[in-house]
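See structure below.
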Amino acid sequence: MCGITGWVSFDRDLGAASGTLEAMTETMSCRGPDDRGTWFGGPVGLGHRRLAIIDLPGGRQPMTVETPNGTVALVYSGETYNFTELRRELAARGHRFTTESDTEVVLRGYVEWGEALAERLNGMYAFAIWDGRHDKLVMVRDRMGIKPFYYYETSDGVLFGSEPKAILANPLARARVGTDGLRELFTVVKTPGHAVWEGMREVEPGTVVTVDRSGLRRHVYWTLETRPHTDDRDASIAKVRELLDDIVRRQLVSDVPRCTLLSGGLDSSAMTALAARQLAEAGETVRSFAVDFVGQTDNFVADELRGTPDTPFVHDVAELAGTEHRDIVLDSDALADPEVRAKMIRARDIPMGFGDMDASLYLLFRSIREHSTVALSGESADEVFGGYLQFFDEQARAADTFPWLVKFADHFGDDAGVLRPDLSAALDLDAYVKEGYATAVAGIRRLDGESDFEYRMRKISHLHLTRFVRVLLDRKDRASMAVGLEVRVPFCDHRLVEYVYNAPWALKSFDGREKSLLREATADVLPRSVYDRVKSPYPSTQDPKYAVALQGHVKDLLATPGHPVFELVDREGAARAASWDAPQITQASRRGLERTLDLAIWLDLYKPDLALS
């Protein structure tokens, strides 16, 4: 797990531009606190920041291999979980290895198989290879988009990086956000390839992007395909368990301390219990960590999203699985701290608006990093197995829009209400969402004989797995890597995703509940309390002191003459929300306060050129 960056300029020798590449590399020091390196080869420069996980002394980058026809150089971020098998296959083909790292396996795998290597990898990865045999750059991203990867075309080549900040550190990249970039900031639609910053794009998940003197080409090596599912209920449950056992075993491999993120929900509990059982076979105890808020368990108030507090369930799992557990308890002052908010926005490069849930995630990861370097997460099980309320809500099922947006405003507030009315009208967010939805569902194939209802549920599943999950994966990666913590996501293994996606909805919810296949596949390792628990999302603080603290920060902002945030935000609306008594502060108004502060910090940090007309 690391940060990568680079620059290809076919019209010049980049050896003289080492200072710029160093600056690009240094922006990702948090992603790779253990080591750094750069490499130049004529028209290319590669930069790397390393978080050492496997083969601590031998995995330094950039990594090169000399061939009779030129140098092949690699910068790589992520983990390849099947590197042991690939290493054996490559060794049988005559390759000789000098390290024990998965990085060298990927490099030599490219030398052997070229771009077809991508189809052989199981893991989370973003890597770039300069192929000196053909003077071309090859950029590859994992199937689910777990690891971020961006590029920016120039007049004679390309800039790339794990994060936009690396690209923006190069003078050739302009920090400009156009109208579609602003629309991305205020809608939760995650348009594939869109990077918010004008001129910048994501390497899309499951894609290889190649750049040479003739230009840039994209090749999709993996998509989520519709296939018949022929297994019955018992066979499906057994297959899910078989896959989970294999996935967790692979993802526990590490040369540094690892742990699990435990929320007391089905997903993280199942993953933690499986990890604990496997480590116990080797005489080890798994560490587990959970986030909580001061007074939350004792004073919890149920709502439509969250019916129960997490902590009692967390402790049930920790006791049954025998984990070495620790609760990370946060107070409202820490959650509302502008410095914490700024660190998260700097980590993400954009203000995405998850408020206290962003702050608590960052603080949780920062605390975990004092004890572990690798964490396994239950992220993405809701998208894979069908866990969200919108999978069961008739209004969301029937709506011709992204299903998570149907009641988003009810639960979190309406972003459009934060904006200046004239800007909101100009952006026309409803039309942007409508167009994005039509594009997103256009290519989803229907099985022969599939009922209207099953096809509707297939579309909902597909949208979650190709749009919504990418928002959450990016959030988790940025928050964790900002403190040098590698978070692995077992439920994103493409074998599991493909298998469960094609199971009909009647099978995914055979007992009338969410995530039926996962619950039954792991029932033997779960406490009964968790087995029976209804889905509860990532926690949010209920302490009114948090909102009061936000109001104070927004009042300071309102007192700052000419702050550019009010070119975006409705000043009168912000002033009203900042003046209400605590009992009047609704979820929508709290979100408005958070969005205002996030946008202000982002404008101060990045000073983007905004296209407001």
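Residues take their numbers from the sequence shown, with the count starting at 1.
Taking every heavy atom of both residues into account, Phe293 and Val329 meet most closely at C-CG1, 3.9 Å. Contact between Arg287 and Ser372 at its shortest, heavy atoms only, is NH1-OG, 3.5 Å. Considering all non-hydrogen atoms of both residues, Arg478 and Asp349 come closest at NH1-OD2, 3.2 Å.
In this structure a side-chain-to-backbone donor-acceptor pair under 3.5 Å is missing from Arg346 to Arg341. Between the side chain of Gln390 and the main chain of Ala396, no donor-acceptor pair closer than 3.5 Å is present. In this structure a side-chain-to-backbone donor-acceptor pair under 3.5 Å is present from Thr207 to Pro205. The backbone N or O of Ser254 lies less than 3.5 Å from no partner atom in the side chain of Arg258, so there is not a single donor-acceptor pair. Judged purely by atom type and a 3.5 angstrom limit, Glu486 has no side-chain atom pairing as donor or acceptor with the backbone of Met481. The backbone N or O of Ala381 sits nowhere less than 3.5 Å from a side-chain atom of Asp267 that would complete a donor-acceptor pair. With Ser509 contributing its side chain and Glu514 its backbone, the two residues share no donor-acceptor pair below 3.5 Å. Side-chain atoms of Thr260 do not come within 3.5 Å of backbone N or O of Thr272 as any donor-acceptor pair. Looking only at distances, a side-chain donor or acceptor of Asp303 sits under 3.5 Å from a matching main-chain atom of Arg306. Of the possible polar contacts, one joining the Tyr546 side chain to the Asp356 backbone as a donor-acceptor pair under 3.5 Å is found.
For the residue pair His494 and Asp142, no side-chain donor N or O sits within less than 3.5 Å of a side-chain acceptor on the partner. Between the side chains of Ser540 and Arg590, at least one donor-acceptor pair of N or O atoms lies under 3.5 Å. Under 3.5 Å, the side chains of Glu324 and Ser288 contain no donor-acceptor pair of N or O atoms. For the residue pair His229/Asp231, the side-chain donor-acceptor check at 3.5 Å is not satisfied. For the residue pair Glu225 and Tyr501, no side-chain donor N or O sits within less than 3.5 Å of a side-chain acceptor on the partner. The closest side-chain donor-acceptor pair between Glu319 and His325, if any, does not fall under 3.5 angstrom. When only modelled atom types and interatomic distance are considered, Tyr531 and Ser269 share no side-chain donor-acceptor pair under 3.5 Å. Between Tyr388 and Glu383, the side chains place a donor N or O and an acceptor N or O closer than 3.5 Å (distance only, hydrogens not considered).
Electrostatic pairing of Arg470 and Glu202 does not count as a salt bridge here, judged by no charged N lying under 4.0 Å from a carboxylate O. Under 4.0 Å is where a charged nitrogen must lie from a carboxylate oxygen, and between Arg595 and Asp358 no such pair does. In this structure, Lys190 does not pair ionically with Asp474, as no charged nitrogen and carboxylate oxygen lie closer than 4.0 Å. In summary, Arg277 and Asp245 do not engage in a salt bridge, as defined by a charged side-chain N under 4.0 Å from a carboxylate O. Classification of Asp532 and Arg528 as a salt-bridged pair holds, one side-chain N sitting under 4.0 Å from a carboxylate O. Of the charged side-chain nitrogens involved, at least one lies within less than 4.0 Å of a carboxylate oxygen, so that Arg31 and Glu163 count as a salt-bridged pair. A salt bridge does not link Arg513 with Asp511: none of the charged nitrogens is closer than 4.0 Å to a carboxylate oxygen. Salt-bridge annotation for Arg446 and Asp452: present, with a side-chain N of the basic residue lying under 4.0 Å from a carboxylate O of the acidic one. Note on Lys476 versus Glu379: salt bridge recorded, some NZ/NE/NH1/NH2 to OD/OE distance being below 4.0 Å. A salt bridge does not link Lys434 with Asp430: every distance from a Lys NZ or Arg NE/NH1/NH2 to an Asp or Glu carboxylate oxygen is 4.0 Å or more.
Stacking of Arg488 on the aromatic ring of Tyr81 is not recorded, the 6.0 Å distance cut-off and the 45° axial limit not both being met. Cation-pi check for Arg141 over Phe149 is not met; the charged atom does not lie both under 6.0 angstrom from the ring centroid and within 45 degrees of its normal. For the pair Arg519 and Phe385, the cation-pi test (distance below 6.0 Å, angle within 45°) is failed. Taking the centre and axis of the six-membered ring of Phe510, the NZ or CZ atom of Arg233 falls inside the cone set by 45° and 6.0 Å.
Put simply, CG on Asp493 and CD1 on Ile146 are 8.5 Å apart, with the number rounded to the nearest 0.5 Å. Here the CH2 atom belonging to Trp580 is positioned 8.5 Å from the CD1 atom belonging to Ile585, to the nearest 0.5 angstrom. In this structure, CD in Gln551 is found 8.0 Å from CG in Asp581, a value given to the nearest 0.5 Å. The distance from atom CG of Leu121 to atom OG1 of Thr80, rounded to the nearest 0.5 Å, is 5.0 Å. A distance of 6.0 Å separates CZ in Arg326 from CZ in Phe289, rounded to the nearest 0.5 Å.
Counting non-hydrogen atoms of other residues, nucleotides and ligands closer than 6.0 Å to CZ of Arg397 gives a total above 12. Few gaps surround NZ on Lys508; more than 12 heavy atoms of other groups in view lie less than 6.0 Å from it.
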Inset, instruction - Check the pair Asp310 / Ser263 against side chain to side chain donor-acceptor pair (under 3.5 Å), numbers first and verdict last. - result: CA-CA 6 Å; Asp310 287 345; Ser263 71; 5.1 Å; no
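The residue from Arg458, Arg456, Arg445 that alone fulfils the salt bridge (charged side-chain N to carboxylate O under 4.0 Å, His left out) condition with Glu450 is Arg458.
Between Arg241 and Asp524 there is a side-chain heavy-atom pair separated by less than 4.5 Å.
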